[in-house]
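All remarks here apply to the structure that follows.
Computation of the quantities below employed the complete heavy-atom set of this structure, encompassing side-chain atoms and omitting hydrogens, waters and symmetry-equivalent molecules. Just so it is clear: chains get the letters A, B, ... in the order the sequence lines come, proteins before strands, and each one is counted from 1.
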Number of protein chains: 4
Amino acid sequence: MICQIDTNNGIPIYEQISRQVKFAIANGSLLVGEHVPSVREMATSAAVNVNTVARAYRDLQAQGVLVSIRGTGLAVASDAPEKCRRERLEMIRERLRYIMREAIQNGVTSEEIHSLVRSEWDALTGEPPP
Amino acid sequence: MICQIDTNNGIPIYEQISRQVKFAIANGSLLVGEHVPSVREMATSAAVNVNTVARAYRDLQAQGVLVSIRGTGLAVASDAPEKCRRERLEMIRERLRYIMREAIQNGVTSEEIHSLVRSEWDALTGEPPP
Amino acid sequence: MICQIDTNNGIPIYEQISRQVKFAIANGSLLVGEHVPSVREMATSAAVNVNTVARAYRDLQAQGVLVSIRGTGLAVASDAPEKCRRERLEMIRERLRYIMREAIQNGVTSEEIHSLVRSEWDALTGEPPP
Amino acid sequence: MICQIDTNNGIPIYEQISRQVKFAIANGSLLVGEHVPSVREMATSAAVNVNTVARAYRDLQAQGVLVSIRGTGLAVASDAPEKCRRERLEMIRERLRYIMREAIQNGVTSEEIHSLVRSEWDALTGEPPP
DNA sequence: GTGGTCTAGACCACG
DNA sequence: GTGGTCTAGACCACC
């Protein structure tokens with residue numbers, strides 16, 4: 001489990017980490033009971049500060065996604081996969097909502113939005129536009 | 001020209017102001033050469049501090065959207081409408097890109113994204129979902 | 001006597017006006033006893049605010065360059081030409097001093113300064129560089 | 001890196017700071033990747049308000065001279081030295097241009113200008129005039 | 001510890 | 001009346 005961090009997109013690093021952990025659990029890349037990388041390990045592999053990873057893990061524990069196993073580290077909670085799968089689209093939906101609210105307030109049409117979504121999707125996946 | 005400020009959405013107030021001014025210019029609500037509300041006026045109408053408005057206006061000057069007419073206030077620059085129209089979709093596109101990159105990295109399908117966009121649009125515009 | 005105003009160079013308009021009047025007197029374009037344009041006339045010809053011209057004229061009176069002739073306006077004082085000729089290079093020297101002080105503090109060489117002066121002069125006069 | 005502030009020369013403090021930082025980078029006194037003094041540190045060493053320093057640093061970020069490293073401070077951008085060196089003479093040239101334009105419009109000769117420059121240089125550097 | 005935001009209020013230059 | 005500068009101090013997010 002290696003996190004891709006973008007230090008320039010305005011999203012707090014600890015949040016990028018916790019989101020990626022949740023996505024990995026939803027994916028099945030991290031299984032129930034499996035240990036997440038130690039704080040130090042994750043910090044070096046993602047080239048971020050130790051405290052930042054600790055903060056992300058603390059949040060994930062508070063959400064019941066990770067549980068602490070005495071002496072050995074943090075592991076994926078038994079109900080985490082279900083929780084993360086449920087949350088998966090919600091996390092994305094929440095961000096979409098902010099963007100679209102602004103777009104709508106400023107006269108962007110449904111056409112324009114869908115076209116933007118389509119073209120960005122294609123650009124990112126390398127799919128040729130139809 | 002009255003700005004709607006949301007003090008709880010995490011976006012700095014000065015940025016909300018400058019974005020709304022740009023949108024107004026893109027819309028044609030503010031025409032070339034027209035004065036924007038004075039900092040004091042805008043500050044009271046938006047219920048924020050004078051300096052906060054001044055900061056937004058300063059940013060807009062730095063971007064060439066507003067020009068200062070000494071002693072009389074700030075006016076819309078002659079090339080601002082074009083600039084703002086170009087930027088309008090770009091601002092949205094940029095934010096969409098981050099979301100979609102995350103979605104793609106985590107196995108969300110094209111179907112799911114488009115469906116999310118459609119349902120959010122309908123929810124926000126009050127259109128009845130099919 | 002028509003003033004060329006540059007509203008974007010940071011120098012106050014009233015100061016541009018008073019300097020240009022002084023230069024005109026030093027030149028002989030304005031003679032002793034001759035009336036300067038009325039405040040309103042100058043304001044329209046230079047496309048600036050009436051108060052701004054009034055401020056410039058007030059400064060010039062305070063310096064003894066202009067004198068008020070009851071009921072008819074402002075005229076060039078009898079000792080103004082001498083005063084203005086004396087001041088002519090001083091006004092320029094004063095501004096040069098600020099620039100050069102900064103340049104020197106930051107390691108610009110005598111060579112570089114003279115070369116800049118020469119090239120700017122040539123560019124402005126259209127003289128071909130040697 | 002300590003800034004010399006002159007509160008009486010009409011140049012805004014934040015601009016004096018940002019100019020001196022740029023000069024320091026052009027000089028090589030500040031190297032790529034190196035941190036500039038924290039806003040609090042610079043504020044105390046220059047005896048100005050924290051916000052004033054913050055404003056200067058904000059401008060420098062907007063110009064791409066400094067980059068923010070989250071939680072750790074501001075560092076010199078990788079292309080800043082080149083940018084600052086290019087700008088160094090340009091800042092001086094721009095100011096010279098205004099002066100010389102006025103001088104030319106008012107019949108100052110090339111001789112007179114060069115002589116002024118020479119005498120000012122000598123006065124400022126303490127060199128004995130020939 | 002770092003920078004960033006916001007408020008409040010004073011003062012100035014300009015028109 | 002306008003914007004611009006500066007100060008002072010509070011609070012927050014991040015590392």
Side-chain angles (χ1 to χ4, degrees), chain A residues 5 7 10-17 39 43 46-56 59, chain B residues 5 7-8 10-17 35-43 46-61 66-75, chain C residues 5 7 10-17 39 43 46-56 58-59, chain D residues 5 7 10-17 35-43 46-61 66-75:
Chain A
I5 300 300
T7 56
I11 299 171
I13 296 175
Y14 69 83
E15 197 177 330
Q16 296 186 44
I17 294 173
V39 170
V48 299
N49 189 287
V50 179
N51 292 321
T52 309
V53 180
R55 160 89 190 257
D59 289 355
Chain B
I5 301 301
T7 53
N8 298 315
I11 299 175
I13 296 175
Y14 70 85
E15 197 176 332
Q16 296 185 44
I17 294 173
H35 277 59
V36 291
S38 79
V39 285
R40 289 162 178 87
E41 211 178 323
M42 175 72 93
V48 300
N49 187 278
V50 180
N51 290 321
T52 307
V53 180
R55 159 115 194 236
Y57 283 3
R58 183 157 25 93
D59 289 355
L60 289 168
Q61 276 186 81
L66 297 183
V67 291
S68 164
I69 306 195
R70 286 221 295 237
T72 77
L74 297 167
Chain C
I5 300 301
T7 54
I11 299 171
I13 295 174
Y14 70 83
E15 197 176 331
Q16 296 185 43
I17 293 173
V39 170
V48 300
N49 189 285
V50 179
N51 293 321
T52 309
V53 180
R55 161 89 191 256
R58 179 158 41 86
D59 289 356
Chain D
I5 300 302
T7 54
I11 300 175
I13 297 176
Y14 70 83
E15 196 176 331
Q16 295 185 43
I17 294 173
H35 278 58
V36 292
S38 80
V39 285
R40 289 162 178 88
E41 210 177 323
M42 175 73 93
V48 300
N49 187 277
V50 180
N51 290 322
T52 306
V53 180
R55 160 117 192 235
Y57 283 3
R58 184 157 23 93
D59 289 354
L60 289 168
Q61 275 186 83
L66 297 183
V67 290
S68 165
I69 307 195
R70 285 222 295 239
T72 76
L74 297 167

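Of all nucleotides listed (E:dC6, E:dG15, E:dT5), E:dC6 comes nearest to the side chain of B:T52. Relative to the side chain of B:I13, the nucleotides F:dC6, E:dT7, F:dT5 differ in distance, and E:dT7 lies closest. Of all nucleotides listed (E:dG3, F:dT7, E:dT5), E:dT5 comes nearest to the side chain of B:P12. Out of F:dG3, E:dG3, E:dC14, the shortest distance to the side chain of D:L74 is found at E:dG3. Closest approach to the B:V39 side chain among F:dA8, F:dC15, F:dG3 is made by F:dG3 (side chain taken as heavy atoms from C-beta onward). Nearest nucleotide to the side chain of D:N51, out of F:dA8, F:dC6, E:dG15: F:dA8.
Nucleic acid contact class of B:E41 (heavy atoms, under 4.0 Å, all strands): none. Counting any heavy atom pair closer than 4.0 Å across all strands shown, B:I69 reaches no nucleic acid atom. Counting non-hydrogen atoms under 4.0 angstrom, C:Y14 reaches the backbone sugars and phosphates but no base. Within the nucleic acid shown, D:R40 comes within 4.0 Å of at least one base atom, counting heavy atoms only.
In this structure, D:R58 places its CZ atom 11 Å from P of E:dC6, rounding to the nearest Å.
One finds a side-chain N or O of B:R55 lying less than 4.0 angstrom from the OP1 or OP2 phosphate oxygen of E:dT5. Contact check, B:Q61 against F:dG4: a side-chain N or O comes under 4.0 Å of OP1 or OP2. An OP1 or OP2 oxygen of E:dG15 is reached within less than 4.0 angstrom by a side-chain nitrogen or oxygen of B:R70.
The base-pairing partner of E:dC14, taking Watson-Crick or G-U wobble contacts with both distances under 3.5 Å, is F:dG1.
Scored by the salt bridge (charged side-chain N to carboxylate O under 4.0 Å, His left out) test, D:R70 finds no partners at all (sequence neighbours excluded).
For the pair B:P37/B:Y57, a side-chain contact is recorded, criterion being any heavy-atom separation below 4.5 Å from C-beta on.
Of the candidates B:N49, B:T52, B:V53, B:I13 forms a side-chain contact (heavy atoms from CB on, under 4.5 Å) with just one, namely B:T52.
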